[in-house]
Amino acid sequence: MPGANLTRVEAQERASVVSVQHYDIELDLTRGGKLFGSTTTIAFDAQAGSSTFLDLIADSVQSVVLNGQELNVSEVWADSRIELAQLNEHNTVTVTAMCVYSNTGEGLHRSVDPSDGNVYLYTQFEVPDARRVYAVFDQPDLKAVFDFRVIAPEGWEVISNGLVSSKNQLVGRTDEGTLTGGETRNRVMWTFTSTPPMSSYLTALVAGPYAVWRTTASNGDGRQVPMAIYCRKALQEAMAKDADYLFDVTKAGFDFYNKTWGVPYPYDKYDQLFVPEYNAGAMENIGTVTIRDSYVFESKVTDALAERRVVTVLHELAHMWFGDLVTMKWWNDLWLNESFAEFTSTLATAEATNWKDAWATFTSGEKSWALNQDQLPTTHPIVAPIDDLNDTYVNFDGITYAKGASVLKQLVAYVGRERFFEGIHNYLVKHAYSNATLHDLLQELEATSGRDLRTWSSLWLEQAGITTLSAEVATDDKGVITAFTIHQVAPQEHPVLRPHRLAVGFYNTNEAGAVVRTDRVELDVDGADTVVEELVDKPRPEFIALNDDDLTYAKLRFDEQSRQFALAHVQDFDSALTRAVIWLSLWDMTRDGELPAQDFVDATLHLLARETESTTYRYALSCMSFTAKHYVASAKRAEVLAHVAHELWTLAGRAEAGSDVQFQLVGAYLGYGESGDSEFEATVRGLLDGSVVLEGLQIDNNLRWSLLTALARINAIDEDGIAAELAKKDTTENRQFALGARASRPVEEAKTWAWEEAIRNTELTNSQLEAVAAGFASAPADLANAYVERYFAEADGIWTNRTFHMAEALLEGLWPSNADAERLVEQGDAWLAAHEDADKALRRLVIGNVESARRIVAVRTFNDAL
Ligand SMILES: [Zn+2]
C-alpha cells in the first residue's frame with residue numbers, strides 16, 4: 001500500500017486512536033530555491049500503548065523526537081509516513097525536515113516572474129498536501145490549533161491563516177528573493193496568531209514581494225473584519241483598477257451571507273491572494289483565499305469570465321462557513337462543500353451583484369458540464385464512495401460541483417428557501433469548528449421543513465444518472481388542451497425515477513415579436529407518468545417549457561410543436577434563463593443523435609445573432625464548434641466549417657463596437673483557420689498589423705497572442721517568429737502563450753517537440769505544461785493519428801511518475817482528440833481491457849476520453865445516415 005494514498009479505513013483508525021490539540025510550525029524560506037526548512041511540534045492525545053503515523057513528503061528528515069526520545073529516522077520515516085509507536089496518553093512529537101518547493105501547484109509552489117525576477121510562493125493543500133510542507137495528521141477530521149512562524153527574506157509579505165503578531169529581524173543573510181545580481185537580504189521571522197481549531201488542508205502560507213490593498217468589511221455583529229487583496233508586482237497596475245470592485249463584491253457577499261444564514265463571519269481577517277500558476281479557480285484556505293491570477297485582467301476578457309470571477313470570489317467566501325467552520329469528516333462529503341458553495345455563490349451573484357442573469361449562466365455552464373459527466377460510464381452518485389485519496393482527486397468533477405449544485409437547487413425548491421437556510425443556520429451553529437456528515441445536515445433540514453428527506457436523499461444523492469422528462473400534450477380542434485402528461489424515463493444503467501419539484505411555463509409571441517411567458521404552474525412530478533390536470537382546458541401555447549426556471553435536474557425533450565418552435569425562435573425568448581434552458585436541451589439532443597447536427601448549428605447561429613448573456617454565448621460558440629468539427633456528416637464537414645467561420649466573421653463585423661459579443665465572435669472565428677486558407681491568414685495578419693480594423697476591438701496583449709496562435713495553427717509563423725514576439729515582452733503569461741503557439745504549429749516537428757516536452761521536461765511548470773498540451777491537442781487528424789498508439793503506450797508511465805495534477809493535465813491535455821475517432825475507440829477499448837486492475841482514477845481519466853470518441857462515432861454515424 002503506497003503511503004501517500006491514505007485510505008478511508010486508515011483515516012478512521014487513526015482518528016479512533018488520536019486527537020490532536022496543537023501544531024507549532026516553523027518554516028525557513030531562506031535556504032535557496034529548491035528546498036525549505038520545516039520544523040513541526042505536535043501536541044496530541046492517544047490511547048496509551050497504541051501506535052499511529054504522521055504524513056510527511058520531504059527531501060530529508062533530520063530528526064524525529066517523540067516524548068523527549070530521539071527516534072531513528074531511517075527506521076521510522078518511510079513511504080511518506082513517520083511511524084509513531086508506544087504512545088502515551090499525552091504526547092509531543094517534533095519533526096525537523098527539509099522539504100521541496102514544487103512547480104506543479106501542489107504543496108508549496110515557487111514561481112519566478114521573468115519580467116522582474118521576483119520570487120512568489122504559495123501553498124495549495126487540498127486534497128492532502130500539507131504533508132509536503134510539514135509533518136501532519138493530514139485528514140480533515142483531525143482539527144487542531146495551528147501556530148505558524150515563517151523565516152523570509154526582508155522585503156517580502158508573508159500571509160498565513162492567523163494575523164501577524166510580530167516581525168523580528170534574525171541574524172544571518174539570505175540570497176533568496178534577490179533579483180539577479182542583487183545583494184543578499186536580511187532574514188525576518190514572522191509570527192502569526194493561533195488559529196481556531198481547523199483542518200490541515202485549510203492551512204495556508206503565501207510569501208513574496210506581493211503588492212497589497214487593504215480595507216475592512218462589516219461583519220453584521222458590530223465587528224470590522226480586516227480584508228486585503230494581494231497580487232504579483234507585475235500585475236499591480238491591472239489590479240489597481242479592480243481592487244475596489246473586488247472588495248465591493250466581497251462585502252456584498254458578507255452582507256448577503258449574514259442575512260441568508262445569520263452566522264457572523266467566524267475568523268479574524270479575510271485575505272484574497274491572486275497567485276501565479278494556480279491549478280484551480282481558487283481555494284478556501286481559512287481567511288487566506290488563494291485565487292488564480294489569470295483573474296487579474298490585464299487584457300480584455302469575456303463578460304463570462306468577469307462573471308465567473310465574481311462567482312468564484314463568492315464561492316470561496318461561502319466556504320468560510322460551509323467547509324471551513326463546519327468541515328466534512330471524510331472526502332466522501334466533498335460534494336456537500338462544493339455544491340453548497342456553488343449554489344449559494346450563484347444565488348448571491350444573482351441577488352447581490354450586477355450579474356442578474358447568474359442562473360442562466362449556471363444553466364449554460366454548470367449544467368452542461370453535469371449533463372456531460374452524468375452520461376459517462378464513469379458517472380457516480382453525488383455521494384460517492386471515496387475509499388482513498390486517489391478517489392478524491394478525480395472527484396473534483398462535474399458531478400461533485402455542477403450536478404451537486406443543481407440538485408441542491410432542486411432541494412431548495414423541494415423544502416422551500418426559508419426553511420432550507422434555517423436548517424443551514426442550525427447546522428452551522430451546532431457543528432461549528434467541528435466536522436459533520438450529510439446525515440447531520442439532512443437531520444436539520446428535516447427538522448425545519450417537516451419533509452422526509454431520507455427517500456429523497458437515497459434517490460437523488462446516492463444513485464447515479466439523469467432521467468429524461470418529456471411532455472405529452474393532446475388538444476382538441478380549437479387548440480385547447482384536453483390532456484397533459486409528464487413522462488419520466490430513466491437510463492438503463494441507472495433505473496431510478498426521482499421526485500421533481502418543477503415548473504411548466506407557457507410561452508407565446510407578443511406584438512413586439514418577443515416570446516414571453518403567459519402562464520406558469522409549479523407542481524410535484526413523481527414516477528413514470530404525472531397527469532397535470534391544472535393545464536387541461538387552457539389554450540395550447542406556441543411553446544411549452546418543461547422545467548421552466550430550471551428548478552430541477554433532468555434531460556428535457558419537447559413535444560413536437562414546441563421543438564419546431566424552439567429551433568426557429570430560441571433567440572426570441574425574452575428571458576436569458578429560458579433561452580439557456582432551451583439551448584441546452586437542443587445541445588443535449590444533438591449529443592444524443594436525436595437532432596441533426598446541421599439543425600443545431602443553424603439554431604445556434606440564430607441565437608448568436610441576438611443573444612447577450614455572455615456565458616450562454618460562450619458555450620453556444622464552443623458547442624457549435626465541436627459540432628461542426630466532430631458531429632456533422634463527414635461529407636458536409638468542410639462546407640459547414642467554412643459556412644460557420646464566414647457567419648462568425650460577418651456577425652463580428654455587425655456587432656456593437658467594443659462589445660463582449662464582438663470580442664467573443666472574433667475569438668471564436670480564430671479557431672476555424674486551416675492551413676492554406678489564405679483569406680483567413682490575411683484577416684489575422686491584418687488584425688495584427690492594423691490594416692483590418694473592427695471598430696472598438698483593441699489588440700491588447702492577450703488578443704495579440706490569440707492572433708499569433710491562430711497563425712501558428714495554420715503554419716503561418718515559425719519558431720523564430722514566436723520567439724521574437726516573446727522577446728518583446730517576456731512575462732509569466734507570455735511564456736505560456738509562446739509555448740502554446742509553438743506547440744500549435746501543424747507540423748510533425750512541432751508535435752514531436754510538444755509531446756516530448758510535456759512528458760519528459762519536469763522543469764516545465766504546471767501552467768507551461770498545460771499550454772504545451774493544449775497546443776499539441778490542436779493537431780489536425782493527419783498528425784494526430786500518429787499519436788493514438790503513443791498515448792496509450794505512455795499512460796502508465798505518466799500515472800506512475802508524475803504528481804496527480806500533472807498526470808491529469810497530461811492524460812487530458814495530450815489526448816489526440818482530432819485523430820480518427822474509430823481508431824481512438826478501438827485502441828482505447830484494448831487498453832482498458834488490458835488494464836482492468838489499473839488504478840481506478842487512471843482508468844476513469846482514460847474512460848472519459850474514450851467515451852468522448854465513442855460518442856463522436858455514434859453521433860457522426862447518425863448524421864451520415866440523414
Ligand atoms: Zn469550492
Side-chain angles (χ1 to χ4, degrees), residues 105-106 122-130 140 161 198-204 249-250 253-254 256-257 260-261 265-267 270-275 278-292 294-295 305 307-349 358 361-362 365-367 369-370 373 382-384 386 389 392-409 424 427-428 435-436 438 441 804-805 808:
E106 300 151 297
Y122 65 86
T123 55
Q124 168 61 31
F125 289 164
E126 192 181 26
V127 178
D129 278 329
N161 307 93
M198 63 182 287
S199 306
S200 52
Y201 81 95
L202 295 166
T203 59
V249 167
T250 314
F254 266 73
F256 185 81
Y257 294 150
T260 306
W261 53 73
Y265 177 72
Y267 303 113
Y270 193 71
D271 294 331
Q272 297 176 85
L273 303 113
F274 291 78
V275 298
Y278 196 69
N279 287 333
M283 175 69 203
E284 68 268 23
N285 315 300
I286 286 179
T288 315
V289 170
T290 40
I291 305 176
R292 60 164 46 230
S294 54
Y295 275 138
L305 191 66
E307 180 181 8
R308 189 68 211 163
R309 177 172 73 169
V310 167
V311 175
T312 300
V313 162
L314 295 170
H315 173 115
E316 303 311 325
L317 182 61
H319 273 313
M320 294 300 125
W321 290 266
F322 210 103
D324 292 8
L325 181 62
V326 181
T327 310
M328 70 214 151
K329 254 204 175 74
W330 176 244
W331 299 101
N332 63 323
D333 273 334
L334 173 71
W335 77 274
L336 197 53
N337 275 7
E338 298 309 341
S339 312
F340 183 84
E342 208 55 12
F343 169 75
T344 52
S345 59
T346 304
L347 191 68
T349 302
T361 293
F362 181 85
E366 299 288 299
K367 283 216 157 161
W369 187 22
Q373 291 212 324
I382 293 176
V383 182
I386 300 288
L389 296 177
T392 315
Y393 288 121
V394 283
N395 256 28
F396 287 82
D397 64 2
I399 303 298
T400 293
Y401 281 76
K403 182 182 178 184
S406 308
V407 169
L408 219 49
K409 187 181 184 192
I424 294 294
Y427 168 83
L428 291 173
N435 296 79
L438 169 65
L441 177 68
F804 175 77
H805 177 78
E808 183 185 42

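Below, each value reflects all heavy atoms present in this structure, side chains not excepted, and no hydrogens, waters or symmetry copies. Read the numbers this way: they start at 1 and go in the same order the structure lists the ligands and their atoms.
Atom CD of E106 sits about 12.5 Å away from atom CD of E126, to the nearest 0.5 Å. For the atom pair T344 OG1 and W261 CH2, the distance stands at 4.5 Å (nearest 0.5 Å).
With the Zn ion (ligand 1) as vertex, H319 NE2 and H315 NE2 subtend 90°, rounded to 10°.
When atom types are taken as modelled, the side chain of T400 and the backbone of F396 share no donor-acceptor pair closer than 3.5 angstrom. Between the side chain of N332 and the backbone N or O of I386, no donor-acceptor pair lies under 3.5 Å.
Within E338, OE1 is the N, O or S atom that lies nearest to the Zn ion (ligand 1).
Distances from the Zn ion (ligand 1) show that E316 has no N/O/S atom below 2.8 Å.
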